[in-house]
Amino acid sequence: MQRIILHIDLDSFYASLEELRHEDIRGKPVVICVFSGRSEDSGTVSTANYKARELGIKSGMPISLAKRLAKDKDVAFLQNDIEYYRTVSDRIMEIIEEEADIFQQVSIDEAYLDVTKKSMDKWDNAKKIAEKIKKKIKEQEGLTCSVGIGPNKLVAKMASKHQKPNGLTIIKDAEVKEFFENLPVSKIHGIGEKTTKILDELGIKTAKELASSDIKILEKKFGKNKSKLLLDKSQGIDDSPVEQKDRQQISRLGTLKEDTDNIEVIFEKIKELATDMKKKIEKVSFRTVSIITIDTALKTQTRSETVQVTNNLDSVLPITKSLLENFLKENSEKKLRRVGIRVSNLVYKKEQKTIGDF
DNA sequence: CGACGTGTAAC
DNA sequence: CCTTTTACACGTCG
């Protein structure tokens, strides 16, 4: 069955919203920051608008480095305000959902739509739907977005990335082959740094080379499942459905004021994170609670315990403390930089058919 | 198989 | 110097 899928990506979403509410920064390079609170400029860049990207500022980069790149230039650095962004995102997602047969929000600024029925199998109708969505978001929220249209989620995603900001790219099934052929593997969505490096060591640089590579050799490095996935991806093949999934886990991470192995200090932080998390888990219960530790070498480790289903976070705090105690005992040479708490194995109240539901 | 821990990837 | 949150796959162990 031939599908028509849209991927919608709001253009430098956080920065655009800040430009809308602060006229004094409009047209300037804008950098949205997540400050960790350790020292003056510790933290990372969450979003840089296109003017800031021209200066070499990119998301994920340390704020201190971004400030060096911005030296002597008129660049606006702002603290992020996720609550506000989420409010606007919710309004926009409502606009988008109206136009879809099936809707899947994948992050605060991205969504997939299956519009096979609404477009009556016609690419041209799908394009009209995309234009309508772009127009509505522009009129109602003053924002632009980039839209990709393709026969599946992978291609739609790659299409939306192809031209931005304010882009609209259609890659019909007949055009998929040509689009992928000469693409470096690192440009394929889902192929990151590690996979690219291993492929490079195998002499595989482009999607075409990956597509025609020996699966036996891939399987030695990646295993059967991932190899199949890689071969599919290299040809723009993706059968995954557009579907809204329930969240599988909820977590909170925080940075400690200073590196420490003091259990009381660390546990205080966990309690603080737990308090923030309570609001998020009002409507769900969970069976597993974990602590997440990140040491001074930035190595992440987790410890978890599965218990009777509960929705009372306070009741499992003693468990997180003993997990933490054991971890510190086993890793007495380590100090922690960051800690986190996570609940998983979520159980939703409303009877919804879930995979593990039989 | 379920529980647990790690690694990869994306935002 | 190096944020946040989530998904998913895989290996291991009992």
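As rounded to whole Å, 9 Å separates atom P of dA10(B) from atom NZ of Lys157(A). What separates CD1 of Ile191(A) from C1' of dC8(C) is a distance of 16 Å, to the nearest Å. Counting to the nearest Å, the C1' atom of dG7(B) and the CD atom of Glu193(A) are 13 Å from each other. Protein atom CG of Leu229(A) is 18 Å distant from nucleotide atom P of dA7(C), rounded to whole Å. One can place CD of Gln79(A) at 14 Å from P of dT3(C), the figure rounded to the nearest angstrom. When rounded to the nearest whole Å, the span between CD of Gln301(A) and C1' of dT8(B) equals 17 Å. One can place CG of Leu336(A) at 17 Å from P of dC2(C), the figure rounded to the nearest angstrom. Between Phe327(A) atom CZ and dG5(B) atom C1' there is a gap of 11 Å when expressed in whole angstrom units.
Screening Lys269(A), Lys271(A), Arg252(A) for a salt bridge (Lys or Arg N to Asp or Glu O under 4.0 Å) involving Asp276(A) leaves a single residue, Arg252(A).
Side-chain contact, Lys226(A) with Thr195(A): a donor N or O sits under 3.5 Å from an acceptor N or O. Side chains of Tyr84(A) and Glu18(A): no donor on one and acceptor on the other come within 3.5 Å. In summary, the side chains of Thr306(A) and Thr288(A) do present a donor paired with an acceptor at a separation below 3.5 Å, with no hydrogens or angles considered.
For Arg38(A), no side-chain nitrogen or oxygen approaches OP1 or OP2 of dC1(C) to under 4.0 Å. For Lys194(A) and dA10(B), the shortest distance from a side-chain N or O to OP1 or OP2 is not below 4.0 Å. Side-chain nitrogen and oxygen atoms of Arg303(A) include none within less than 4.0 Å of the OP1 or OP2 phosphate oxygen of dC4(B). Taking only side-chain nitrogens and oxygens, Thr195(A) never comes nearer than 4.0 Å to OP1 or OP2 of dT8(B). In this model, the phosphate group of dC10(C) is approached by a side-chain N or O of Asn225(A) to a distance below 4.0 Å at OP1 or OP2.
Here the shortest heavy-atom pairing between Asn166(A) and Asp11(A) reads N-OD2, 2.7 Å.
Nearest-nucleotide positions on DNA chain C place Lys280(A) closer to the 5' end than the other of Lys280(A) and Lys224(A). Checking Lys226(A) against Leu298(A), the closest nucleotide of DNA chain C that is more toward the 5' end is the one next to Leu298(A). Toward the 5′ end of DNA chain B lies the nearest nucleotide of Thr302(A), the other residue of the pair Thr302(A) and Lys161(A) mapping further downstream.
Looking at the side chain of Arg247(A), the nearest of the listed nucleotides dC4(B), dA7(C), dT8(B) is dA7(C). Here dC8(C) is the nucleotide among dC11(B), dC8(C), dT8(B) with the atom lying nearest to any side-chain atom of Lys245(A).
In this structure, the side chain of Ser146(A) engages the main chain of Gly167(A) through a donor-acceptor pair within 3.5 Å. The closest donor-acceptor contact from the side chain of Ser119(A) to the backbone of Asn125(A) lies at 3.5 Å or more, if one exists at all.
Backbone-only contact: Asp109(A) has heavy atoms under 4.0 Å from sugar-phosphate atoms and none from a base.
Near DNA chain B, defined here as any heavy-atom distance below 4.0 Å, there are no residues from residues 40-72 of chain A.
His7(A) and Tyr112(A) have tilted rings, their planes meeting at an angle from 30° to 60° on a 0 to 90° scale.
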